[in-house]
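Written out below as structure tokens is the structure these notes cover.
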Amino acid sequence: MKDFPAAYQVSEGSALSVDRPFYERIAAETGGRTLVDAFTLPIRTGRAWSVPAGHVFRIVAPEGPQVGDLNIWNRHDPRERLWAARTRQLQGAHVTTFDRLWSTLPFLRPLVTITADTLAHYGTDEYGGRVHDLLGTRCDPYVNKLLTGQDFHFHCHSNLTRAVMPFGLTEFDVHDVLNVFQVTGLNHDDLYFMRDCPAKAGDYLEFFAEIDLLCALSTCPGGDLSVPLWGPDARDPIEVCRPLAVEVYRLAPDLTEGWRSPKVAPYRGQHGLQAEKGWWEKA
């Protein structure tokens, strides 16, 4: 199969251009960091937390392979949230160091930039799979009911819903996710597949918060995805479910000197629409 150039090309100085030395310093100079929040999510649960702009947070696999489903919002306006589809186009269907997660219209700006990825070496496997997935989305009880006829209340969609309720959000605010530590791809029939999670104890994915964030994470009930979830061999994968951990750090002030949160997209048009004038305004 031949290759074809990406639709969205990065040019020097464009909005897609990343100041790599800046993010490399953040990842490398960890001695001046201050841990401001840390917690562990038990299996098949969800939790939400805030991250101030200019801080970093890590999602860690403390006990080995486990997939996590991540949602991100603007802490002050949840209408601005992760836009998985546009991020796929601008960055890739799978993300790693220096990639950014972009927000929805009409905001369209980076919410986070990935500063460190201990699984960056995974690359592309023999099936075409890659890690940290934006191709798929969260598991949910609606699909489960359709396919199995059974109710299960601990899918990632439900875990995220419960997680954000203390912050005044609802199920309608839960959105397409970044599947952290999850290996996926498209098979020869152009169908989505999921492979065993490659994370080992201590692996992590680290993000720099470009704006004030509300984040939510679910420890996927599929665990490390080594057990079939659908089809004739499907069974409860409870034995391959493990916790995930989150760490939030304040950086040394000199690391972010001169940095500013990205502005929202500059387009301010009316989409070609013109309001009809009132009769009193017409000549």
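Worth knowing before you read on, the calculation uses all heavy atoms, side chains too, and leaves out hydrogens, waters and symmetry mates. A quick note: this is a predicted structure, and the numbers were derived from the prediction, not measured.
Sorted by first and then second residue, the salt bridge (charged side-chain N to carboxylate O under 4.0 Å, His left out) pairs with a member in residues 24-42 read R33-E206; sequence neighbours excluded. Sorted by first then second residue, the side-chain hydrogen bond (donor to acceptor under 3.5 Å, both in side chains) pairs that include residues 38-48, not counting sequence neighbours, are R44-D236. Every pair passing side-chain hydrogen bond (donor to acceptor under 3.5 Å, both in side chains) that includes a residue from residues 169-183 is listed here, sequence neighbours excluded: N71-H175, D133-N179, T137-D176, R138-D176, Y142-E171, H157-E171, Q182-Y192.
A donor-acceptor pair under 3.5 Å is formed between the side chain of T104 and the backbone N or O of R79. Side chain of N159 to backbone of S218: no donor-acceptor contact under 3.5 angstrom is found. Looking only at distances, no side-chain donor or acceptor of R20 sits under 3.5 Å from a matching main-chain atom of S17. Using modelled atom types, one side-chain atom of T148 and one backbone atom of N144 make a donor-acceptor pair closer than 3.5 Å. Remark: side-chain polar atoms of R100 are not paired, donor with acceptor, to backbone N or O of P110 under 3.5 angstrom. Judged by distance alone, the side chain of H132 and the main-chain N or O of V95 form no donor-acceptor pair under 3.5 Å. Panel note: side chain R88, backbone L134; a donor-acceptor pair is recorded below 3.5 Å.
Using a 3.5 Å distance cut-off with no hydrogens or angles, the side chains of E210 and T113 do pair a donor with an acceptor. One side chain, T184 or H94, offers a donor N or O that lies under 3.5 Å from an acceptor on the other. No side-chain N or O of T97 forms a donor-acceptor pair with one of D117 less than 3.5 Å apart. For the residue pair D203 / T118, a side-chain donor-acceptor distance below 3.5 Å is found, with atom types taken as modelled. For D196 and S226, the side-chain atoms include no donor-acceptor pair closer than 3.5 Å.
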| request: Mind running side-chain contact (heavy atoms from CB on, under 4.5 Å) on V183 and D125 for me, showing each step along the way? | output: CA-CA 9 Å; V183 174; D125 64 30; 3.7 Å; yes
| task | Take C215 and W49 through the test side-chain contact (heavy atoms from CB on, under 4.5 Å) and record every step on the way to the result. | result | CA-CA 5 Å; C215 303; W49 71 98; 3.5 Å; yes
| task | Could you walk me through whether T124 and R130 pass side chain to side chain donor-acceptor pair (under 3.5 Å), step by step? | result | CA-CA 5 Å; T124 305; R130 295 173 180 266; 2.8 Å; yes
| side-chain contact (heavy atoms from CB on, under 4.5 Å) assessment of V248 paired with R58 | CA-CA 7 Å; V248 182; R58 285 182 177 181; over 6 Å; no
| said: Quick one, E247 with V60, criterion side-chain contact (heavy atoms from CB on, under 4.5 Å). Give me CA distance, side-chain angles, the key distance, then yes/no. | reply: CA-CA 8 Å; E247 301 167 354; V60 185; 4.1 Å; yes
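Heavy atoms of other residues, nucleotides or ligands lying less than 6.0 angstrom from CD of Q270 number 12 at most. Within 6.0 Å of atom OH in Y267, more than 12 heavy atoms from other residues, nucleotides or ligands are found, so the atom counts as buried in its surroundings. Atom CZ of F39 has more than 12 neighbouring heavy atoms from other residues, nucleotides or ligands inside a 6.0 Å radius. Within 6.0 Å of CZ on R260 lie no more than 12 heavy atoms contributed by other residues, nucleotides or ligands. Within 6.0 Å of the NE2 atom in H121, the count of heavy atoms belonging to other residues, nucleotides or ligands exceeds 12. Within a 6.0 Å radius of CZ in R81, more than 12 heavy atoms belonging to other residues, nucleotides or ligands are found.
The shortest distance between side-chain heavy atoms of L111 and L82 falls below 4.5 Å. L217 is not listed as a side-chain neighbour of T219, based on a closest heavy-atom distance of 4.5 Å or more. P78 has its side chain out of reach of F167: every pair of non-hydrogen atoms, C-beta onward, lies at least 4.5 Å apart. Contact check for F181 versus Q66: no side-chain heavy atoms found under the 4.5 Å cut-off. Under the 4.5 Å side-chain criterion, counting only non-hydrogen atoms from C-beta, P42 is not in contact with P243. Put simply, the side chain of L119 does not reach to within 4.5 Å of the side chain of L205, judged on heavy atoms. In this structure, the side chains of R242 and P65 come closer than 4.5 Å at one or more pairs of heavy atoms. You'll find the side chain of L105 stays beyond 4.5 Å of the side chain of R86, heavy atoms only.
In this structure, W102 has its ring center at least 6.0 angstrom away from the ring center of F107. For W259 and F208, the distance between ring centers is under 6.0 angstrom.
Taking CD of E257 as the reference point, atom CZ of F22 lies at 11.0 Å (rounded to 0.5 Å). Distance check: E63 CD to L244 CG gives 9.5 Å after rounding to the nearest 0.5 Å. Expressed to the nearest 0.5 Å, how far CD1 of I72 lies from CG of L214 amounts to 10.0 Å. Atom CG of residue L229 and atom SG of residue C139 lie 8.0 Å apart, to the nearest 0.5 angstrom. Between the CD atom of Q91 and the CZ atom of F98 there is a distance of 12.0 Å, given to the nearest 0.5 Å. Between the CG atom of D140 and the CG atom of D69 there is a distance of 10.5 Å, given to the nearest 0.5 Å.
A199 and A61 get closest at one heavy-atom pair: CB-CB, 4.2 Å. The minimum heavy-atom distance linking P237 with G222 is given by the pair CG-CA, 3.8 Å. The shortest heavy-atom contact between P198 and V131 is CG-CG2, 4.2 Å. In terms of heavy atoms, A84 sits closest to V177 at CB-O, 4.4 Å. Across every non-hydrogen atom of L225 and V67, the tightest pair is CD1-CG2, 3.8 Å.
Residues V18 and I26 are members of one and the same hydrophobic cluster, defined by side-chain heavy-atom contacts under 4.5 angstrom among Ile, Leu, Val, Met, Phe, Trp and Tyr. Under the 4.5 Å side-chain heavy-atom criterion for grouping Ile, Leu, Val, Met, Phe, Trp and Tyr, L16 is connected to L108 within one hydrophobic cluster. Grouping the Ile, Leu, Val, Met, Phe, Trp and Tyr side chains by contacts below 4.5 angstrom, directly or via other members, places M194 with L186. A single hydrophobic cluster is not seen to contain both Y249 and I114; linkage of ILVMFWY side chains at heavy-atom distances under 4.5 Å, directly or through other members, places them apart. Side-chain heavy atoms closer than 4.5 Å link hydrophobic residues (I, L, V, M, F, W, Y) into clusters, and following such links, even through other members, never connects L101 to V56.
Ring-plane geometry between F57 and F207 is classed as parallel, the angle between the planes falling under 30 degrees on a 0 to 90 degree scale with a further cut at 60.
Here V227 sits in one hydrophobic cluster together with V240; the rule is ILVMFWY side chains under 4.5 Å apart, joined directly or through other members. Counting Ile, Leu, Val, Met, Phe, Trp and Tyr side chains that sit under 4.5 Å apart, directly or through other members, L191 stands alone, with no cluster partners. Within the hydrophobic cluster formed by Ile, Leu, Val, Met, Phe, Trp and Tyr side chains joined at under 4.5 Å, directly or through other members, L146 stands alone, with no partner residue.
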